[in-house]
Amino acid sequence: MNTLETKKETLLHYHTIGSSYLHQGDYSRASKYFRKGLHLLKEAHSTDRMDFMERMGNVYLLKGEYRKTVDTCKAGMDHVDHYSNQREIAALCRTLGAACSRLNDYASAEKYFSIALKIFGDYGDRNGEALTLFNQAMLDQSRARYSEALKTYNQCLKLFKRNKDEVNLISTIMNLGTLYHEMNDYATALKHYQACLLSARKIQNLPLIAKVSNNLGNLFLSMGSYRESEELILYSLRLCRDLKIPYLIGYNHLLLGILKLKTGEGAESIENSSKALHSFQEADSQREVCLAEIHLANAYCESRSRRLAEQHLSEAFRLSKEIGSKELAMHAVVVKAKLERIGGNGKCVLGMLEKAKDYFEASQRWELLWEIFYEIGRIYEEAGDVGKVQASWRHSANFIEKILSKIPEERRGEYLKDRDRQSVYQNLYSEKGSPYSPLEAPDGFDTMVGGSKAVLEILDAIDRVANSSIPVSIQGETGTGKELVARLVHGRGNRRDKPFTVIDCASLSENLVESELFGHEKGAFTGACERRIGKLESVRGGTLFLDEVENISPYVQGKLLRFLQEKEFTRVGGNEIVRVDARIISASKKDLAKEVETGMFREDLFYRLRVYLITLPPLRERREDIPLLIEHFLAQVSKNNQRKITLEPQAMDLLYHYDFPGNVRQLKNEILHACILADSKNVLGREMFSEKITRAKEGATEIQNRNGSFLQKMENMERDIVIDALMMRSGNISRAAEDLGLSRYGLYKKMKRLKIQNFKSDVPKSLQECQL
């Protein structure tokens, strides 16, 4: 065999193996073989070199390194001559178009797609045509041409099915899920993601699994299912780190940053957003870098770090202009408005917010629109324009209701738990009654459910203090029902016909808490164009509930103390003394006595607020109420679904012995989640509850029964090692065997001996359900 034939065989070998790894999603190994081919082709025919360059460009594209894709494909186009293979030219144009689309160069993308489609059409290459149409649909989706994108994706589905191209078929289903997500159809998006995930796991394509897990995490984040969202994002992040996909690592960190901001963990939000920025910079993806700058600015804005927020916003505006993305510029505008509003100068950006509103209305981005109207309402609230506040928040509430209609019914409660979404309702209707009226208890309770001594004592305390005007202090862990008790004190007393208003002290800065409580005069600070009446003054004759009062600053504590002593105060920036009859109920999840000892809370205010203390015990200290609470929640679900749902005795025992760190709120979520899994079944079994509950019970049983021999303990240890290896490789037998130094057959034998037959990897429950 001569040298030329040997070289051709080697090239074919590199091309076949590289393409196989690319198809499997192993980008690092695929690029290794394509690079070898390119090195061998330094002096070879141009068509062969073009083919390898297109493959290499495809690797960069799938890894999110779009500029490298453009450079590689353009280098391939430099080899085009009269003898070049037209299909290779079309393939290069298709990949170039896809990269230009991701870089917001839409005109170039359209041009390259047009060339590719014509060539593939002339040659009758249905597979090439389908791949080009797939990228064309992504371009239409990025430009909010949803009807065109939907039509093209469905066309791709037919072509990929006919060509039996399973990987691209799954990718199309996944992209349809993202399209429905953007179109606010969350229920349909969820179905597509679940179908996609099931197929991706069958063919063990880890990059696809990582991508759909990321998309599912984003969907659950939009629906307010934060626990499930975090599990999915972290799972995707672990896979992406193994696969070394920088841009997808960045997206996972970005979603974690957004999630942490929503759950009030500002420091972790900043940390994750910073990691996302670094990953996007590593992938040289300018659009994603801009997106990370916006979310980092938002995180710093929430933490009141104005200088850093402005710094990242400035960079975001620069990048959005450089890449020509009006969408990203409008995202940045919303954060800019929030920053100015917090600084008391919100009115200066009202015009910018109106432009953002018009832009997102055109593309029907409801999730952004309710936030924009809410932000406009907050700005008018600062200015004291009550009419415009109510009008803005009415619009915001309308968009929230539209979104709710598209969320699966069982998840709507989670969506409404978000603090800002609740504020839209509570602030808008705080004086005139609303879906959350003063006498309505949160979570559907009319009173505290339970027959324990602790509950009876709390109800007795509520009745004793309800008709007086003395301050009441409520102390208890998160989820024990502090706001419920406050509403009951108000609703059972002689102030029941007057307003009940809530101020969440943890969510507001010092200046905002002061203005929220006492109001301000015109000119009190930048942006204070008119007098604004505070919550304390507007609640005349009613009750003001200060939630998480331990977060109030020392200065505002002093002002609040004066009101409690004299029943009078002055507005911010004013001298006029305002006298008000209002009852103060405060709540704290911390021990205020200890806060006084550490100097974090004023002792004199402590005694003024704690005239009457109601302490709420955690659920683990009143376990006898758990069956009654379960019965109450099941009755609610049964009524809503028009079928009677009961609980197996084993499941009741499981819940009874669990500690519930999230207290009653966590118990309710567990019951609702189990009812969803029950589907058409009317009996809830223990297998329907979350792993942390079942594992807690299993762990306790294992400790009690651990009396095995030395050999049994060694076998248990060996079993744990094998399961850990399988979990690290997401159930992939070959890779787990390689890690353990075994053959595939050897690992199968060991699994059989250790009785590891129906192994499930460390996949979040949301993903495991898709495998059923």
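If you read the sequence from its start, that first residue is 1, and numbering goes on from there. These numbers come from the heavy atoms of this one structure, side chains and all, not from hydrogens, waters or symmetry mates.
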Visitor: Set out, in order, the CA-CA distance, both residues' side-chain angles and the distance that settles salt bridge (Lys or Arg N to Asp or Glu O under 4.0 Å) for Glu166 and Lys202, then state yes or no.
Guide: CA-CA 11 Å; Glu166 196 166 8; Lys202 279 182 180 177; over 6 Å; no
Visitor: Assess whether a salt bridge exists between Arg143 and Glu148, defined as any Lys/Arg side-chain N lying under 4.0 Å from an Asp/Glu carboxylate O.
Guide: no
Visitor: Check whether any side-chain heavy atom of Lys402 lies under 4.5 Å from a side-chain heavy atom of Asn184, and answer yes or no.
Guide: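 No. Closest side-chain heavy atoms not under 4.5 Å.
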Visitor: Keeping the roles fixed (side chain from Ser114, backbone from Lys111), state whether a donor-acceptor pair exists under 3.5 Å.
Guide: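 No, Ser114 side chain to Lys111 backbone: no donor-acceptor pair under 3.5 Å.
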Visitor: Looking only at heavy atoms, which two atoms of Cys73 and Gly57 are closest? And how far apart?
Guide: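 Closest pair (atom of Cys73, atom of Gly57, distance): SG-CA, 4.2 Å.
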Visitor: Determine whether Leu237 and Asn214 satisfy the following criterion, side chain to side chain contact (heavy atoms under 4.5 Å, CB included), listing intermediate values before the conclusion.
Guide: CA-CA 8 Å; Leu237 185 58; Asn214 175 272; over 6 Å; no
Visitor: Grab the two heavy atoms, one from Gly257 and one from Asn272, that are nearest each other, plus how far apart they are.
Guide: N-CB, 3.7 Å
Visitor: With no hydrogens and no angle check, do the side chains of Glu282 and Tyr247 hold a donor and an acceptor under 3.5 Å apart?
Guide: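 No, Tyr247 and Glu282 have no side-chain donor paired with an acceptor closer than 3.5 Å.
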Visitor: Test Leu328 against Ile323 for side chain to side chain contact (heavy atoms under 4.5 Å, CB included), laying out the working first.
Guide: CA-CA 10 Å; Leu328 290 174; Ile323 61 180; 3.8 Å; yes
Visitor: Report yes or no: does Ser229 contribute a side-chain atom to a donor-acceptor pair with the main-chain N or O of Gly217 at less than 3.5 Å?
Guide: yes
Visitor: Does anything in residues 99-133 pair up under ring pair (Phe, Tyr, Trp, His ring centres under 6.0 Å), and if so which pairs, sequence neighbours excluded?
Guide: none
Visitor: So, do Phe52 and Arg55 sit near enough that their side-chain heavy atoms are less than 4.5 Å apart?
Guide: no
Visitor: Flag the pair Ile173 / Leu157 as yes when at least one side-chain heavy-atom distance between them is below 4.5 Å, and no otherwise.
Guide: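 Yes; the side chains approach each other to less than 4.5 Å.
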Visitor: Would you check if the side chain of Ser199 reaches a backbone N or O of Ala195 as a donor-acceptor pair within less than 3.5 Å?
Guide: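 It does hold such a pair.
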Visitor: Should the heavy atoms of other residues, nucleotides or ligands under 6.0 Å from NZ of Lys36 be counted, would the total exceed 12?
Guide: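 More than 12 heavy atoms, drawn from other residues, nucleotides or ligands, come within 6.0 Å of this atom.
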Visitor: What distance do Ser171 atom OG and Leu131 atom CG have between them, rounded to the nearest 0.5 Å?
Guide: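 Going from OG on Ser171 over to CG on Leu131, the span is 9.5 Å.
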Visitor: Would you call Glu327 and Arg287 a salt bridge, taking side-chain N to carboxylate O under 4.0 Å as the test?
Guide: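 Counted as a salt bridge, because a side-chain N and a carboxylate O are separated by less than 4.0 Å.
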Visitor: Do the rings of Tyr33 and Tyr14 sit parallel, tilted or perpendicular, given the 30° and 60° boundaries?
Guide: tilted
Visitor: Under the rule for ring pair (Phe, Tyr, Trp, His ring centres under 6.0 Å), what residues qualify as partners of His295, not counting sequence neighbours?
Guide: none
Visitor: Within the side chain of Asn252, is there an N or O that forms a donor-acceptor pair under 3.5 Å with the backbone of Leu248?
Guide: yes
Visitor: So, Thr152 versus Gln136: side-chain donor-acceptor pair below 3.5 Å or not?
Guide: no
Visitor: Evaluate Tyr251 against Phe280 for ring pair (Phe, Tyr, Trp, His ring centres under 6.0 Å), listing each step before the verdict.
Guide: CA-CA 8 Å; Tyr251 265 117; Phe280 292 143; 5.3 Å; yes
Visitor: For the pair Asn205 and Ile170, evaluate side chain to side chain contact (heavy atoms under 4.5 Å, CB included) and give the outcome as yes or no after the intermediate values.
Guide: CA-CA 10 Å; Asn205 188 303; Ile170 296 168; over 6 Å; no
Visitor: Would a distance-only check, ignoring hydrogens and angles, find a side-chain to backbone donor-acceptor pair under 3.5 Å from His253 to Ile249?
Guide: no
Visitor: On a heavy-atom basis, which atom in Ala276 and which in Gly250 lie closest, and how many Å separate them?
Guide: CB-O, 3.2 Å
Visitor: Could you please spell out the steps behind the ring pair (Phe, Tyr, Trp, His ring centres under 6.0 Å) verdict for His192 and Tyr153?
Guide: CA-CA 13 Å; His192 277 77; Tyr153 278 135; 9.9 Å; no
Visitor: Would Glu182 and Arg365 count as a salt bridge (Lys or Arg N to Asp or Glu O under 4.0 Å) if you check the C-alpha gap in whole Å, the side-chain angles of each, and the deciding distance to 0.1 Å?
Guide: CA-CA 7 Å; Glu182 288 179 23; Arg365 301 293 290 276; 5.2 Å; no
Visitor: For the atom pair OG1 (Thr188) and NE2 (His181), what is the distance rounded to the nearest 0.5 Å?
Guide: 12.5 Å
Visitor: Hey, does Ile258 have a side-chain heavy atom less than 4.5 Å from the side chain of Ser269?
Guide: no
Visitor: Do the side chain of Asn154 and the main chain of Leu150 share a donor and acceptor less than 3.5 angstrom apart?
Guide: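 Such a contact is found between Asn154 side chain and Leu150 backbone.
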Visitor: Return the orientation label for the Phe160 and Phe134 ring planes: parallel under 30°, perpendicular over 60°, tilted otherwise.
Guide: perpendicular
Visitor: Is Lys260 salt-bridged to Glu230, going by a charged N under 4.0 Å from an acidic O?
Guide: yes
Visitor: Taking all atoms of both residues into account, what is the closest heavy-atom pair of Ala130 and Cys156, and its distance?
Guide: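 The answer is O-SG, 3.7 Å.
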Visitor: Does the Thr178 side chain pair with the main chain of Asn175, one donor and one acceptor, at a distance under 3.5 Å?
Guide: yes
Visitor: List the atom of Cys290, the atom of Ala316, and the distance in Å for their closest heavy-atom pair.
Guide: SG-O, 3.3 Å
Visitor: Are a donor atom and an acceptor atom from the side chains of Glu670 and Ser690 found within less than 3.5 Å of each other?
Guide: yes
Visitor: So, are Lys118 and Asp122 salt-bridged, with charged N and O less than 4.0 Å apart?
Guide: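 Here Lys118 pairs with Asp122 in a salt bridge, since their nearest N and O are under 4.0 Å apart.
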Visitor: With a 3.5 Å distance limit and no angle check, can you tell me whether Thr72 reaches the backbone of Thr69 through a side-chain donor-acceptor pair?
Guide: no
Visitor: Among Leu179, Leu216, Asn215, find the residue that satisfies the side chain to side chain contact (heavy atoms under 4.5 Å, CB included) test when tested with Met174.
Guide: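 One option only clears the test, and that one is Asn215.
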Visitor: So, does Thr263 use its side chain to make a donor-acceptor pair with the main chain of Leu259 at under 3.5 Å?
Guide: yes
Visitor: Decide yes or no for Glu54 and Arg94: does some side-chain heavy atom of the first lie under 4.5 Å from some side-chain heavy atom of the second?
Guide: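 A side-chain contact under 4.5 Å exists here.
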Visitor: Evaluate Ile233 against Phe220 for side chain to side chain contact (heavy atoms under 4.5 Å, CB included), listing each step before the verdict.
Guide: CA-CA 10 Å; Ile233 296 166; Phe220 281 128; over 6 Å; no
Visitor: Test your reading of the model: is there a side-chain donor-acceptor pair from Asn298 to the backbone of Ile294, 3.5 Å cut-off?
Guide: no
Visitor: If I compare all heavy atoms of Asn135 with all of Ala98, which pair ends up nearest, and what's the gap?
Guide: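 Nearest pair, atom of Asn135 first, then Ala98: OD1-CB, 3.2 Å.
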Visitor: So, using salt bridge (charged side-chain N to carboxylate O under 4.0 Å, His left out) as the criterion, who are the partners of Arg227 when residues are at least two apart?
Guide: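 For Arg227, the residues satisfying salt bridge (charged side-chain N to carboxylate O under 4.0 Å, His left out) (neighbours in sequence not counted) are Glu231.
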